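Heads up: the structure comes next, in structure tokens.
Atom set for the values below is all heavy atoms of this structure, side chains included, hydrogens, waters and symmetry mates excluded. These figures come from a predicted structure and were not determined experimentally.
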Amino acid sequence: MTQGPAPRTLSDGALSELLGRQRFGTLATVRRTGHPHLTTMLYSWDADDRIVRFSTTADRIKVQHLRRDPHAALHVPGDDVWSFAVAEGVAEVSGVTTVPGDAVGRELLGMIPADARPEDEDGFLEQQVAERRVVLRLKVDRLYGTALDIDG
């Protein structure tokens, strides 16, 4: 059997670019038992500050996990099954947005790409309050991932 090419490690810049290009990934938090809890999440990557932001509601189990143990990771697929990026770090949970247009609500609005912003921003901010939204901020201290170069 012939051994194929080995995956190559992606540079920090390539990993950051992959995180910025994708919008969905799998967030891993730590259950009380130590086992991972995985959930697919829409996210926003701030490459300059190395922070991944997620919007969720205050009653979700992942919020409870992160309040107990803030260690988390985000796995993001690349363009093929052999490419991926992982962002690891410590997460913090914002307070609940309680007044339309408060700091958390504005942060939630800022997470939306400019071309997808809601036409009715006031309505969006009111909806975030009604849903008891919070921001999860994963402060990334480690990026890793690979790609496999295969011709044809």
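- Classification of the F54-Y43 ring pair by plane angle, with boundaries at 30° and 60°, yields tilted.
- Between V96 and V104, the closest side-chain pair of non-hydrogen atoms is not below 4.5 Å.
- Formation of a donor-acceptor pair under 3.5 Å by the R117 side chain with backbone atoms of L109 is found in this model.
- Taken from CG in L125 to CG in L108, the straight-line distance is 8.5 Å, to the nearest 0.5 Å.
- When every heavy atom of Q128 is checked against every heavy atom of S55, the shortest pair comes out as OE1-OG, 4.2 Å.
- In terms of hydrophobic clustering, with Ile, Leu, Val, Met, Phe, Trp and Tyr side chains grouped at heavy-atom distances under 4.5 Å, I51 and V76 are assigned to different clusters.
- Every residue meeting the salt bridge (Lys or Arg N to Asp or Glu O under 4.0 Å) condition with R106, not counting sequence neighbours, appears here in chain and number order: E121.
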Check: What's the verdict on side chain to side chain contact (heavy atoms under 4.5 Å, CB included) for L42 and M111, showing C-alpha distance, side-chain angles and the deciding distance?
Finding: CA-CA 10 Å; L42 179 68; M111 291 166 51; over 6 Å; no

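- When all heavy atoms of P100 and E126 are compared, the closest pair comes out as CG-CG, 3.7 Å.
- Remark: R132 CZ is loosely packed, at most 12 non-hydrogen atoms of other residues, nucleotides or ligands lying under 6.0 Å away.
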task = Give the C-alpha distance, both sets of side-chain angles, the deciding distance and a yes or no for side chain to side chain contact (heavy atoms under 4.5 Å, CB included) between V134 and T56.
result = CA-CA 6 Å; V134 297; T56 193; 3.7 Å; yes

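- With sequence neighbours excluded, the residues that form a salt bridge (Lys or Arg N to Asp or Glu O under 4.0 Å) with R137 are E92, E107.
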- Task: Could you walk me through whether R53 and W45 pass the side chain to side chain contact (heavy atoms under 4.5 Å, CB included) test, one step at a time?
- Result: CA-CA 6 Å; R53 288 182 173 84; W45 169 237; over 6 Å; no

What's the verdict on side-chain hydrogen bond (donor to acceptor under 3.5 Å, both in side chains) for R133 and T97, showing C-alpha distance, side-chain angles and the deciding distance? CA-CA 6 Å; R133 290 268 162 190; T97 181; over 6 Å; no

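- In this structure, T39 and I61 have side chains that are not in contact, with every pair of non-hydrogen atoms separated by 4.5 Å or more.
- To the nearest 0.5 Å, the span separating CE on M41 from CG on L74 amounts to 9.0 Å.
- Side-chain contact between L19 and V140 is absent, with no heavy atoms from C-beta onward closer than 4.5 Å.
- Applying the side chain to side chain donor-acceptor pair (under 3.5 Å) test to R142 and every residue at least two apart in sequence or in another chain returns E88.
- No path of Ile, Leu, Val, Met, Phe, Trp and Tyr side chains, each step under 4.5 Å between heavy atoms, connects F84 with L138, placing them in separate hydrophobic clusters.
- Heavy atoms only, all atoms of each residue included: L148 and P7 are closest at CD1-N, 3.5 Å.
- In this structure, D69 CG and Q64 CD are separated by 13.5 Å, a value rounded to the nearest 0.5 Å.
- Across all their heavy atoms, L38 and T26 have their closest contact at CB-CG2, 3.8 Å.
- The number of heavy-atom neighbours closer than 6.0 Å to CZ of R50, taken from other residues, nucleotides and ligands shown, is above 12.
- Between P118 and Q127 the shortest side-chain heavy-atom distance does not fall below 4.5 Å.
- Residue T29 is tested with R68, H65, K62 for a side-chain hydrogen bond (donor to acceptor under 3.5 Å, both in side chains); the sole match is H65.
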Note to self: Go through it in stages, so that I can follow the logic: the residues are L27 and L136, the test is side chain to side chain contact (heavy atoms under 4.5 Å, CB included), and I'd like the CA-CA distance, side-chain angles, deciding distance and then a yes or no.
What the structure shows: CA-CA 11 Å; L27 176 65; L136 306 180; 4.2 Å; yes

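- Pairing each heavy atom of G78 with each of L18, the nearest pair is CA-CD1, 3.8 Å.
- Nearest heavy-atom pair, L10 versus T146, reported as atom, atom and distance to 0.1 Å: CD1-O, 3.6 Å.
- The line from CG of L66 to NE2 of H71 is 11.0 Å long, rounded to the nearest 0.5 Å.
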